[in-house]
Amino acid sequence: MIKFFNQHIENFLVKESGYSKEDVILIKDKYKTEITDDLKKGHITTNIGLVSGSVTGTNPKEAAEALKKNLINLDGVDQIEVAGPGFLNIFLNRLYFVNLITDSLNAKKAYGTSNLGEGKKIQIEFVSANPTGPLHVGHGRGAAFGDALGRILEASGYEVSKEYYINDAGRQIDILTVSVLLRLFKCFEENSFPSSGYKGKYIIDISNEIDKKDCINENQLKTIISNLPSDPEEEIDALIRNFKNEAIELWEHTKNKSLNVVLGLIKEDLAAFKVDFNNWFYESSLGAVGDKDSKIYSAINQLEKSGQAYKEEGALWLNTENVGDDKNRVLIREDGRATYFAADVAYHKDKVDRGFDRLINVWGSDHHGYIKRIESSLEGLGFSKESLHVQLVQFANLFQGKEKIKMSTRSGKFFTLRDLMDEIGVDAARFYYLSKQADQHLDFDIELAKSQNKENLIYYIQYAHARICSLQNKYIELNDSLPTSIKSIEDGAYLACDKLIHEASKFPGVVERSAVALQPHLLVFYLRDLAHQFHSFYNDNPVLKESKENQESILQSLNLVRLVIANGLNLLGIDALEKM
RNA sequence: GCGCCUGUAGCUCAGCUGGAUAGAGCAACUGCCUUCUAAGCAGUGGGUCAGGAGUUCGAAUCUCUUCAGGCGCGCCA
């Protein structure tokens, strides 16, 4: 409908307005046509008069009047008002208004989808937590966000690929491995366990699954744990070195086993959280810098050849200052080992090589200083940094009522995503995460997320859906099947649903905006508003006491509201409830 | 010190590609169940949109600046 009017407006601008070509281009760029917030302003409104007026220096109201004359005779238009400083408010005739219901109901699950993305390939990389322990509540937010974004973009016509980057190659994995080995051989008392190691209970669980205990003897163990440095970081590094020296086979076995167990936990949790990935990318698959056939070698080699990377003080540096980074960054350390950054550069090159039109990285906001580096590396490799969008997600603080739940990863005391799911349920958790803009701090209040009242939006929205389902069931009991007629709305005899239909007609626009802005929370607030319109209607209108014809029209309108809520929740990865 | 983010009702937050009277919920006060789910609805009070300047026909929204808070600035990942 909006497209229809925009075509006529642009046609008018080009052929009849008398504006210069340059002005027309400027106007086209700036004006907007949208569904009104309030039916008093008609169904559709455009600021074209104001924009034309400001661009051409003419009176906005006169510009609006001229266009009004042009649009008033269009099919579907009942009347047009020039309002306020120069808005054009368009009132549709009943037939067109009613078409909104039938068209949307016919579209069913497809209502709200579009071809905005034109099949472009878009990759979303998210969660990507180090596989050193179970996911915690912080990761849950990224998971809910990335997954919802994927659903929204897919509904908007993008070909979406969701990916998890597994950091299986670095020091963190070594620390995981050594932590498991220390538990396996019970090397330390509880209070002297290396403070840099992982102490969660899952480490002990993993150690119980290692069956190669006899690969190492008492003397070797003694060597490994004696003469350790006092600095915690040096201590853990020494232990890693010692284990590798004494029992490389055991080391590798334990490392693989630990990684697989932890990754298994992560995958289970994500599946339970209804988050599916298309691809799990292993950092180790990038290979070693020393290997000329590896992806990491090839990426770095390319940067060196193009002059972006240079040697200094024995290390290989990437010039990232050229995109505004504070300082240049090291790719290959003095001792020849690649940095995490180098692997990430190769990873991003690989992403682009795989043919994605757009890349979205969902990162914890503590990584924001890292963005410029990656952008610089992309430019250095000859790609446009515009193809990458980094969406930062702030961490979530957990509250139980007013009390903050403290978490410490090191000590292994933390509230896991699994705990959260057990406590409040998957859908309530997903919804709560999505109910605030991703890059803002979120206080996750478990009490609130469990509460069953209006303050907890998920219940409010679900309640609207369930109420409609319940009405539908009652109606079916009395009439065998749902109605198909909307006669009394069509001929204007019954108007009480108009606000609801109008609100429901905004849905595709909201999906589109949340796809463009990459903001699922827009959907949350829209659904709240729609639910509110419904509850209000429901309270004022005893539906099943209406005339037969009115009932039919109402049931059809409410079915539309129900469809929008169900489709909207589905885009957030949440199932709509038929009963509560 | 440099960079990024935030500051809207007593509290928690929407609104921000500039637009028509700044919105919800909670809390306070008042009404509404012999009726389809009261997990709800309706109403009242509450705002110099942190302060200041600028751009504009028009600014919560854009620019600059001040103040306040958060985060990031490793040859860690």
Side-chain angles (χ1 to χ4, degrees), chain A residues 29-30 32 36-38 40-41 45 47 49-51 53-54 57 59-60 83-87 89 128-130 132 167 169-173 175 233 283 312-317 324-327 329-344 364-372 392 394-395 435-437 439-443 445 448 451-464 466-475 477-478 513 516-517 521-522 524-526 528-529 531-532 534-546 551 554 579-580:
Chain A
D29 196 47
K30 285 176 80 176
K32 59 186 175 190
T36 59
D37 49 359
D38 189 328
K40 284 178 195 148
K41 298 175 186 169
T45 185
N47 65 349
L50 289 161
V51 173
S54 103
N59 184 322
F87 292 100
N89 291 340
S128 299
N130 282 335
T132 52
N167 301 118
R171 179 168 174 261
Q172 296 303 321
I173 295 301
I175 297 177
E233 297 300 314
E283 180 187 354
E312 194 178 289
E313 296 168 10
L316 185 71
W317 296 70
D325 200 359
D326 304 344
K327 52 175 288 195
R329 307 290 171 172
V330 170
L331 288 165
I332 313 281
R333 298 179 180 97
E334 228 173 319
D335 63 10
R337 282 152 55 232
T339 58
Y340 171 85
F341 175 49
D344 221 14
S365 63
D366 52 333
H367 285 70
H368 72 75
Y370 196 76
I371 298 174
K372 286 194 167 140
L392 297 177
Q394 280 282 2
F395 287 116
S435 63
K436 202 173 164 184
Q437 251 178 63
D439 57 359
Q440 310 263 349
H441 286 278
L442 175 77
D443 288 338
D445 184 341
L448 176 54
S451 71
Q452 307 201 342
N453 56 45
K454 196 174 176 178
E455 205 179 346
N456 186 7
L457 293 184
I458 179 79
Y459 276 93
Y460 186 68
I461 294 166
Q462 293 279 28
Y463 185 39
R467 269 181 152 177
I468 296 174
C469 289
S470 155
L471 253 186
Q472 290 181 331
N473 289 335
K474 279 247 158 61
Y475 185 90
E477 274 175 34
L478 300 168
R513 256 190 301 143
V516 170
H521 82 282
L522 296 177
V524 168
F525 288 98
Y526 165 72
R528 179 202 61 188
D529 291 343
H532 176 245
F534 163 75
H535 286 305
S536 179
F537 170 87
Y538 183 87
N539 220 263
D540 293 343
N541 301 278
V543 176
L544 299 178
K545 295 218 163 114
E546 285 286 345
Q551 278 192 40
I554 295 168
K579 252 188 199 160
M580 288 173 72

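Only heavy atoms go into these numbers, but all of them, side chains included; no hydrogens, no water, no symmetry mates. Protein chains get the first letters and strands the later ones, always in sequence-line order, with residue 1 at the start of each.
- Using P as the reference atom, B:U63 and B:G23 are 25 Å apart when rounded to the nearest Å.
- For the 3.5 Å distance criterion, the side chains of A:Asn453 and A:Tyr460 fail to qualify, holding no donor opposite an acceptor.
- Partner assigned to B:G46 is none, using Watson-Crick or G-U wobble distances below 3.5 angstrom.
- As rounded to whole Å, 6 Å separates atom P of B:A14 from atom CD of A:Gln437.
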Full working for side chain to side chain contact (heavy atoms under 4.5 Å, CB included) between A:Gln551 and A:Tyr475:
CA-CA 9 Å; A:Gln551 278 192 40; A:Tyr475 185 90; 3.3 Å; yes
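- Taking the O4'-C1'-N9-C4 or O4'-C1'-N1-C2 dihedral as appropriate, B:C67 has a value more than 90° from 0 and is therefore anti.
- When each of B:A77, B:A20, B:A38 is scored by its nearest atom to the side-chain atoms of A:Asn89, the top-ranked nucleotide is B:A20.
- Distance check on atom P: B:G45 versus B:C57 gives 36 Å, rounded to whole Å.
- Contact annotation: the side chain of A:Leu331 never approaches that of A:Trp317 to less than 4.5 Å [non-hydrogen atoms, C-beta and beyond].
- If you check distances only, the side chain of A:Asp366 never reaches the base of B:G72 with a donor-acceptor pair under 3.5 Å.
- Nearest-nucleotide assignment on RNA chain B puts the 5′-proximal partner with A:Lys41, out of A:Lys41 and A:Ile332.
- Residue A:Asp529 contributes atom CG, which lies 12 Å from atom P of B:C41 at whole-angstrom precision.
- We find that A:Arg333 and A:Asp335 are not joined by a salt bridge, their nearest charged nitrogen and carboxylate oxygen being 4.0 Å or further apart.
- Nearest to the side-chain atoms of A:Lys545 among the listed nucleotides B:G15, B:C57, B:U35 stands B:U35.
- Of all nucleotides listed (B:C75, B:C76, B:C41), B:C75 comes nearest to the side chain of A:Ala315.
- Pairing for B:G18 is absent, with no Watson-Crick or G-U wobble pair whose two atom distances lie under 3.5 Å.
- For A:Tyr340, the listed nucleotide lying nearest its side chain is B:A77; candidates were B:C41, B:A20, B:A77.
- The side chain of A:Asp326 approaches B:C73 more closely than any other nucleotide in the set B:C73, B:U35, B:C75.
- The pairing partner recorded for B:G54 is B:C62, the criterion being a Watson-Crick or G-U wobble arrangement whose two distances lie under 3.5 angstrom.
- Look at A:Phe87 and the base of B:A20; the rings stack, centres closer than 5.5 Å and planes less than 30° apart.
- Contact annotation: A:Lys454 reaches the phosphate of B:C41 (side-chain N/O to OP1 or OP2, under 4.0 Å).
- When heavy atoms are screened at a 4.0 angstrom cut-off, A:Glu455 is found touching the sugar-phosphate backbone but no base atom.
- Spacing of C1' atoms, B:U56 relative to B:C67, comes out at 27 Å, to the nearest Å.
- To the nearest 0.5 Å, the span separating CG on A:Asp540 from NE2 on A:His535 amounts to 13.0 Å.
- At the heavy-atom level, A:Lys436 lies under 4.0 Å from the strands shown only through sugar-phosphate atoms.
- Here A:His441 does not reach the OP1 or OP2 of B:C13: none of its side-chain N or O atoms lies under 4.0 Å away.
- Among the protein residues, A:Asn473 comes within range of no part of the nucleic acid, since none of its heavy atoms lies under 4.0 Å from any strand.
- When rounded to the nearest whole Å, the span between CZ of A:Phe537 and P of B:C36 equals 16 Å.
- Of the nucleotides present, B:U6 is the one that pairs with B:A68 by Watson-Crick or G-U wobble criteria, both distances under 3.5 Å.
- A:Tyr538 has no side-chain polar atom (N or O) that falls below the 4.0 Å cut-off from OP1 or OP2 of B:A42.
- Counting heavy atoms from C-beta outward, A:Leu442 and A:Phe395 have side chains that stay 4.5 Å or more apart.
- Within the nucleic acid shown, A:Gln462 has no heavy atom closer than 4.0 Å to any nucleic acid atom.
- The residue A:Asn453 sits close only to the backbone: its heavy atoms come under 4.0 Å of sugar-phosphate atoms, none of a base.
- Note that CD of A:Glu233 is 6.5 Å distant from CD1 of A:Ile175, once rounded to the nearest 0.5 Å.
- Each of A:Gly53 and A:Ser435 lies near RNA chain B, and the nucleotide nearest A:Ser435 is the one positioned closer to the 5' end.
- To the nearest whole angstrom, the two C1' atoms, one in B:U55 and one in B:C64, are 11 Å apart.
- The distance between atom CG of A:Asp540 and atom P of B:U35, rounded to the nearest whole Å, is 17 Å.
- Classification of the A:Phe534-A:Tyr538 ring pair by plane angle, with boundaries at 30° and 60°, yields tilted.
- In the set B:C36, B:C57, B:G40, B:C57 carries the atom at the smallest distance from any side-chain atom of A:Ser54.
- Ranking B:A38, B:C36, B:C13 by closeness to the A:Phe525 side chain, first place goes to B:C13.
- For A:Lys32, the side-chain atoms get nearest to B:U17 when compared with the rest of B:U17, B:C76, B:C41.
- Comparing B:G3, B:C75, B:A14 by their nearest atom to the side chain of A:Lys327 picks out B:C75.
- Here B:G40 sits opposite B:C32 as a Watson-Crick or G-U wobble pair (both hydrogen-bonding atom distances under 3.5 Å).
- Residue A:His532 places at least one side-chain N or O under 4.0 Å from the OP1 or OP2 atom of B:A42.
- Put simply, A:Gln440 has no side-chain N or O that comes within less than 4.0 Å of OP1 or OP2 on B:A14.
- For A:His368, the side-chain atoms get nearest to B:G3 when compared with the rest of B:A39, B:G40, B:G3.
- Pairing of B:C75, defined by two Watson-Crick or G-U wobble distances under 3.5 Å, is not identified with any nucleotide.
- Among the protein residues, A:Asn59 comes within range of no part of the nucleic acid, since none of its heavy atoms lies under 4.0 Å from any strand.
- Nucleic acid contact class of A:Thr45 (heavy atoms, under 4.0 Å, all strands): base.
- Using modelled atom types, one finds no donor on one side chain facing an acceptor on the other under 3.5 Å when comparing A:Gln172 with A:Thr132.
- As rounded to the nearest Å, B:A20 and B:C49 have P atoms that lie 15 Å from one another.
- An OP1 or OP2 oxygen of B:C76 is reached within less than 4.0 angstrom by a side-chain nitrogen or oxygen of A:Arg333.
- Here A:Ser536 reaches the OP1 or OP2 of B:A42: one of its side-chain N or O atoms lies under 4.0 Å away.
- Nucleotides B:G19 and B:U35, compared at atom P, are 46 Å apart to the nearest Å.
- Taking atom P on both nucleotides, B:U65 is separated from B:C4 by 11 Å, rounded to a whole Å.
- Taking atom CD of residue A:Gln551 and atom C1' of nucleotide B:U35, one finds them 13 Å apart after rounding to whole Å.
- What separates NE2 of A:His367 from P of B:G72 is a distance of 11 Å, to the nearest Å.
- Residue A:Leu522 is classed as a sugar-phosphate contact, given heavy-atom separations below 4.0 Å to backbone atoms only.
- Only the P atoms considered, B:G54 is 23 Å distant from B:G7, to the nearest whole Å.
- Atom pair A:Tyr370:OH and B:G72:P shows a separation of 16 Å (rounding to whole Å applied).
- At a threshold of 4.0 angstrom between heavy atoms, the contacts of A:Ala466 include nucleobase atoms, whether or not backbone atoms are also involved.
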